[in-house]
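Below is one structure; the comments refer to it alone.
These values consider heavy atoms only, across backbone and side chains, with no hydrogens, waters or symmetry-generated copies.
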Amino acid sequence: MALTGRAALLAALGSLPVGIWDPGWTGILAVNAPLVAACACDFALAAPVRRLGLTRSGDTSVRLGDTADVTLTITNPSRRPLRAHLRDAWPPSSWLPGTETAASRHRLTVPPGERRRVATRLRPTRRGDRQADRVTIRSYGPLGLFTRQGTHKVPWTVRVLPPFTSRKHLPAKLARLRELDGRTSVLTRGEGTEFDSLREYVPGDDTRSIDWRATARQSAVAVRTWRPERDRHILLVLDTGRTSAGRVGDAPRLDASMDAALLLAALASRAGDRVDLLAYDRRTRALVQGRAAGDVLPSLVNAMAPLEPELVETDARGLTATALRTAPRRSLIVLLTTLDATPIEEGLLPVLPRLTQRHTVLLASVADPHIAQMAKARGNTDAVYDAAAAAQAQTERHRTAEQLRRHGVTVVDATPDDLAPALADAYLALKTAGRL
């Protein structure tokens with residue numbers, strides 16, 4: 001069999017043995033001097049790793065589920081060419097399972113005094129900040145027999161933002177909002193408490209909307225149009241305590257609450273309302289206040305990105321006091337929390353009157369669709385027991401929701417896929433009823 005490349009070179013060098021006398025040994029030790037010399041030469045010709053210059057550029061944020069490209073620039077200041085294998089290390093959640101090796105390892109050659117770029121493509125699987133760990137470089141000599149290896153710290157952070165999957169519902173909710181504003185041609189007048197404009201009567205209009213004075217001044221019957229009041233204050237309160245850590249499907253309840261909050265914030269800001277955010281468990285985890293309409297959504301997304309559930313019991317009194325300080329005037333307070341009986345009855349209900357006497361309160365909670373599936377199960381003894389347990393859980397949940405409604409709280413209880421549109425509909429219903 002013919003030998004080529006490095007194997008042929010090693011075979012050729014290995015065929016030239018030479019004897020060296022060592023007085024401390026009892027015989028002659030055979031040493032391959034040409035091979036040793038070749039290895040030493042190969043090591044000497046490998047470009048030094050410590051002197052390399054490394055810098056980063058690229059994406060600093062990405063939505064969960066999308067990809068981010070981070071470029072690493074390697075500058076070789078030495079007089080020797082760099083032939084290297086490079087590993088750009090990031091936390092394991094920066095890639096889909098099984099793709100880290102292909103995405104983080106690169107081969108490159110950098111001539112003396114030049115620079116090259118390699119791009120690492122990230123696809124994070126969790127929200128939050130992903131920070132680059134270290135860059136490990138293995139520099140090879142021209143023969144590939146010996147290497148130099150070293151690591152460099154090249155800091156970089158990519159913030160993984162919430163995916164905002166509910167934005168697909170926004171066009172439909174905005175269309176409904178335009179109807180309420182009276183800007184869309186419909187048979188019913190726009191509801192609300194602020195006078196908007198006059199227009200010609202259309203059959204089917206509410207006769208109570210006819211403006212008789214305006215009609216007397218012109219030849220056609222004129223009706224008033226109304227729009228929901230603007231510049232109202234909405235405070236989104238995210239409960240980040242232990243109940244938000246419970247997983248429903250593949251994600252924590254907190255993630256579904258965030259998605260619903262983002263859709264409501266986008267809708268309310270388009271309606272001309274002011275939106276603030278408070279994330280709280282035993283202390284304030286995030287606070288966004290006083291943002292202009294165009295800056296509300298980016299600010300909320302950025303503030304939500306690093307939030308994680310805390311495995312502590314939420315301090316309902318502290319949450320209420322902080323919410324009242326954040327919303328000193330009459331507002332719509334949207335509590336995104338649990339409907340579990342114990343946290344509500346022992347925590348929220350005793351302090352709820354402090355909120356409801358000054359503000360309109362809307363509570364949104366994430367329901368587990370698996371409970372509904374269990375309640376329908378039949379066929380064997382285990383399934384019947386599961387159905388009974390699920391029915392008991394649903395009954396307790398409905399009882400807790402009814403307690404809240406008796407205190408004047410609007411309750412939205414829906415599965416993760418339905419929570420965001422249901423919360424937006426509740427907001428629009430409050431607008432329609434003139435309660436906001």
Side-chain angles (χ1 to χ4, degrees), residues 54-74 86-97 99-100 102-104 106 117-135 152-171 236 238 240 244-245 250-270 275-280 284-310 336 416 420:
L54 283 81
T55 58
R56 289 190 188 273
S57 61
D59 296 329
T60 56
S61 64
V62 61
R63 288 195 181 277
L64 183 64
D66 293 341
T67 59
D69 290 327
V70 178
T71 301
L72 192 64
T73 302
I74 303 97
L86 179 148
R87 179 175 182 262
D88 190 5
W90 291 74
S93 58
S94 302
W95 291 281
L96 295 175
T99 64
E100 176 183 357
S104 64
H106 309 274
R117 293 182 177 88
V118 294
T120 300
R121 175 158 291 184
L122 309 178
R123 188 166 185 181
T125 57
R126 292 179 57 188
R127 281 184 301 100
D129 291 338
R130 297 292 167 268
Q131 297 180 343
D133 186 7
R134 66 189 64 188
V135 177
H152 290 258
K153 283 283 189 179
V154 192
W156 194 262
T157 301
V158 175
R159 173 156 288 190
V160 186
L161 307 173
F164 192 17
T165 56
S166 63
R167 63 182 178 273
K168 62 187 177 184
H169 299 290
L170 187 57
L236 303 172
L238 280 175
T240 56
S244 67
D250 295 331
R253 282 186 166 91
L254 180 60
D255 285 29
S257 297
M258 287 180 180
D259 195 52
L262 289 174
L263 180 63
L264 179 57
L267 180 63
S269 61
R270 298 284 188 90
V275 182
D276 292 340
L277 169 72
L278 170 67
Y280 193 94
T284 300
R285 302 290 176 177
L287 181 62
V288 178
Q289 285 182 289
R291 296 297 192 272
D295 192 41
V296 166
L297 205 58
S299 299
L300 295 188
V301 167
N302 193 57
M304 290 178 181
L307 288 179
E308 294 292 345
E310 300 290 333
L336 293 120

Q. Can you name the closest pair of heavy atoms from F164 and A266 and give their distance?
A. CZ-CB, 4.4 Å
Q. Roughly how far, to the nearest 0.5 Å, is the CG atom of D133 from the NZ atom of K153?
A. 4.5 Å
Q: Decide yes or no for V135 and L72: does some side-chain heavy atom of the first lie under 4.5 Å from some side-chain heavy atom of the second?
A: yes
Q. Do T157 and D129 have side-chain N/O donor and acceptor atoms under 3.5 Å apart?
A. no
Q) Measuring from D66:CG to R123:CZ, what's the distance to the nearest 0.5 Å? A) 7.5 Å
Q) Do D276 side-chain atoms and L287 backbone N/O form a donor-acceptor pair below 3.5 Å? A) no
(Q) Distance check, rounded to the nearest 0.5 Å: D88 atom CG versus R134 atom CZ? (A) 12.0 Å
Q | With P124, the side chain to side chain contact (heavy atoms under 4.5 Å, CB included) member among T67, L96, V62 | A | V62
Q. Is there a donor-acceptor contact under 3.5 Å from the side chain of R56 to the main chain of V154?
A. yes
(Q) Using a 3.5 Å distance criterion without hydrogens, assess whether the side chain of R159 forms a donor-acceptor pair with backbone atoms of N302. (A) yes
Q.
Nearest 0.5 angstrom please: R127 CZ to D255 CG, how far?
A. 4.5 Å
**Q.** Atom of P163, atom of L64 and distance for their closest heavy-atom approach
**A.** CB-O, 3.6 Å
**Q.** Criterion side-chain contact (heavy atoms from CB on, under 4.5 Å) on W95 and T120, from CA distance to verdict
**A.** CA-CA 11 Å; W95 291 281; T120 300; 3.9 Å; yes
(Q) Using 0.5 Å steps for rounding, measure from the OG1 atom of T240 to the CE atom of M304. (A) 11.5 Å
**Q.** L236/L300 under side-chain contact (heavy atoms from CB on, under 4.5 Å): CA gap, chis, key distance, verdict
**A.** CA-CA 10 Å; L236 303 172; L300 295 188; 4.2 Å; yes
**Q.** All pairs passing salt bridge (Lys or Arg N to Asp or Glu O under 4.0 Å) where residues 288-297 contributes a residue, at least two apart
**A.** R291-D295
**Q.** Flag side-chain contact, heavy atom, 4.5 Å: V158 against D59
**A.** no
Q) Looking at side-chain heavy atoms only, is the closest gap between L263 and L170 below 4.5 Å? A) yes
Q) Closest heavy-atom contact between A303 and A286? A) O-CB, 4.2 Å
Q: Evaluate whether atom CZ of R121 has more than 12 neighbouring non-hydrogen atoms of other residues, nucleotides or ligands under 6.0 angstrom away.
A: no
(Q) Can you tell me if R167 has over 12 outside heavy atoms packed within less than 6.0 Å of its CZ? (A) yes
**Q.** For the student: nearest non-hydrogen atoms of P162 and A305, plus distance
**A.** CD-CA, 4.0 Å
Q. Can you tell me how far CG of D259 sits from CG of L264, rounded to the nearest 0.5 angstrom?
A. 11.5 Å
